[in-house]
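So you know, we letter chains A, B, ... as the sequences are listed, proteins then strands, and number each from 1. Side chains are part of it too, since the values below use all heavy atoms of this structure and drop only hydrogens, waters and symmetry mates.
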Amino acid sequence: MNKRLLPLLLVVALWAQGTAADNINIVRPEDVGLASNKLDNVSRFMRGYVDDRKMAGAVVLIARHGKIAYFEPFGQADVGKPMQRDSMFRIASMTKPLISVAALQLYEEGKLLLSDPVAKYIPEFAHPKVLEMLPEGSNPAFKLVPAKRDITVKHLLTHTAGLPYDFDAEWFPKDRLYQQMYSLYQDAGISSGLYETEGTIGDMVKRLGKLPLARQPGEAFEYGMAADVLGRVVEVASGMKLDDYMHEHIFKPLKMKDTYFFIPESEEPRLAAVWSSDWQGKLERVPDGLHREGKYAFSPSFPYKGPKTFFSGGCGAVSTAYDYYRFAQMLLNKGELDGTRILSRKTVELMTTNQIGDMAATTLHDEGWKFGLGVAVQADRAHYVDAGDVGAFEWAGIFSTRFSVDPREEKITIFLSQTTPFSHHFELWDKLLILSSSSIGD
Amino acid sequence: MNIQHRLKVRLGMTALMLAIAGDAWATAPRISAQMFGEETHADIVAYQSAGGEAKTKGDEVVALELVKEAFAAVGKSPVVDVLPSAQLARYAMTNHDAAAMIGGEGDIPSKESSQNPAQNAAVVFYLKGDAPIALIFAREDARAEPLRNAFNQGLQKIFKNGKYLDILEKHLGKGHVPMDFEKRLKRFNPNLK
């Protein structure tokens, strides 16, 4: 080889490596009806949060009419490491829509019905009991009453199965029902999936199935462990381990090459750190291992340490903004992306319309939001007036991640950071979504 | 028949037809007891700690096997349900869903109270380290007394015929059962011969 060419080849090789992750087509905002000057406000807004040390960093992606028009990293991913477009994030509860699509694929294949009782797949859920708290001072503090009906697959998809999270006890300290559920979950070793967990999801869900429910199935929106149970239903109905199923049927066909349950060692440097923020400028990197905020426990190292056998359908996935965009665009396209169909149009329509009747999806909003199958759906603009359209659907993750799909405007907004606690997320997201909506220029 | 009467008859017939049709519209229940079997009510409940040390879990498995074997020795096979939470096991017994529970130190009534017929009675049958494990019987439960008699008899039997030691050796390894195990156990249960 000509020795004089060697430096040139090295430069070309390095350039190619550096741009591999950037090999994503980003269009001029005006080409898709977005205003560049308005999108500059998004950048200013995000930089402000980073400069004020409210969060360490984030990635924001905004797409319209099937094309990405805005895709920017901000701040740092880890100490001394700038955030990159292809940085990876613990998407936590944004795993739930992924698992919901898996269940709906099996529904389309005739392998399960939404009306199927969960006990058909996980026998421990047969004959469920519901926990009712007795007046304070009673011993025992609760009584168990038979559930009026069995839990169905639809109850899991709509969070109406009566399965809360253990950390609801931290968020609602005066609610005796949540305190009792926390105590039972602790007894039974029920893992939220947000920390390194021994055993498999099948082991854990069997124990969960023998515990009482917090609500009568189908009678209350109770956000929590349902997607973990759904993940196990996917395993049983498909005959595959959840990570294998997700890889074969969703991640691979959608070319979501950076989405995993447990991140490969080679990709670990791309995973953003989790940061604890008081929203006043005190920002600290949360070290590996179990971290407790009262009754809320998480471990930043769960995607790369521990036995790596517990595939949490509720919050176990790690992904990138671009990968999640591909998933969201598939939903916006009614089930298809780049010629690959993941779900039928009819099923996506079912998934993104209200399935909870008069109940309200109250986890991220007070009123005005309903729940489809795995995603919240905006029902009106009277209650949630800041941004979005009727029919927009979304979900979030507890480390401050969020996505929104607005079918009317064919617009997708994705925000990924790794900041705790979650309570600060609401204001940031609301403002970001307003800026995203305000950038519509046609 | 006058018009009013005819109208009444027609209305009556229509109501009847609607009622029949309504019945025809009602579907059979999608989920029935036959689908999963009737709910079985446990005679005995136990609990297994989750995420605990393997050693603790091993003790729970031994205790469960000893109970089953003791009943089998007298030709009984009560339904035993292993719950994931001690609170639920205690609830099942106090609520008379079960007649007995396998429990540890915190669950066993004190010696004084166990002599009181109004209190739960307990039969210690195993040691987890130095801590007693007992089969605790619900009070005011018709199933409890016969269960207790059967268990006492069965326990004596497997203690005598060597089955008890076999179970311990199966789980702890041959020659790994502490020499003084029997002596210490008898301190909690002097009736064992």
Side-chain angles (χ1 to χ4, degrees), chain A residues 113-129 131-132 134 138-155 180-191 195-199 203-212 217-218 290 307 310, chain B residues 26-42 44-58 60-61 64 79-98 101-104 106-107 109 113 118-120 136 138-140:
Chain A
L113 283 169
L114 300 184
S115 56
D116 270 347
V118 173
K120 193 172 163 185
Y121 306 94
I122 309 164
E124 285 76 7
F125 279 92
H127 313 294
K129 301 278 188 299
L131 186 88
E132 284 184 6
L134 296 173
S138 305
N139 185 21
F142 59 85
K143 68 171 179 175
L144 302 180
V145 298
K148 291 179 193 166
R149 55 193 75 80
D150 276 79
I151 304 169
T152 63
V153 172
K154 187 181 171 186
H155 291 145
Q180 185 58 57
M181 289 303 293
Y182 174 81
S183 173
L184 290 170
Y185 277 15
Q186 290 290 300
D187 258 14
I190 302 303
S191 170
Y195 44 83
E196 290 91 324
T197 303
E198 298 274 342
D203 299 332
M204 195 273 285
V205 160
K206 276 182 189 173
R207 296 197 297 275
L208 184 63
K210 289 194 135 197
L211 293 182
L290 198 65
F310 188 83
Chain B
T27 58
R30 296 184 72 87
I31 304 162
S32 63
Q34 289 85 345
M35 211 162 176
F36 308 118
E38 294 290 348
E39 188 174 6
T40 48
H41 289 280
I44 300 168
V45 285
Y47 55 88
Q48 269 186 355
S49 50
E53 288 175 28
K55 200 180 161 194
T56 315
K57 279 189 179 170
E60 288 163 355
V61 172
L64 198 62
V79 177
V80 182
D81 191 9
V82 182
L83 299 170
S85 155
Q87 292 180 70
L88 289 184
R90 285 175 204 133
Y91 176 88
M93 198 174 70
T94 52
N95 201 45
H96 296 290
D97 292 340
M101 75 176 272
I102 301 172
D107 308 304
S113 65
Q119 298 290 329
N120 298 333
I136 305 153
R139 59 193 159 103
E140 294 167 9

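Side-chain contact between B/Tyr47 and B/Gln87 is absent, with no heavy-atom pair separated by less than 4.5 Å. Annotation: side chain of A/Val153 is not in contact with side chain of A/Pro117 (no heavy-atom distance under 4.5 Å). Counting heavy atoms from C-beta on, the side chains of B/Val79 and B/His41 never come closer than 4.5 Å.
The heavy-atom pair separating A/Glu198 from A/Pro307 by the smallest distance is CA-CG, 3.8 Å.
With a 4.5 angstrom heavy-atom cutoff, A/Tyr185 does not touch chain B via any of its atoms. Contacts of A/Leu144 with chain B are made by both backbone and side-chain atoms, with heavy-atom separations under 4.5 Å. With a threshold of 4.5 angstrom between heavy atoms, A/Pro140 approaches chain B through side-chain atoms but not through N, CA, C or O. Looking at A/Lys129, only its side chain comes within 4.5 Å of chain B, counting heavy atoms on both sides. For A/Glu124, no part lies near chain B; criterion is any non-hydrogen pair under 4.5 Å. Both the backbone and the side chain of A/Ser183 come within less than 4.5 Å of a heavy atom of chain B.
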Under the salt bridge (Lys or Arg N to Asp or Glu O under 4.0 Å) criterion, do A/Asp116 and A/Lys154 qualify, and how do the steps go? CA-CA 8 Å; A/Asp116 270 347; A/Lys154 187 181 171 186; over 6 Å; no
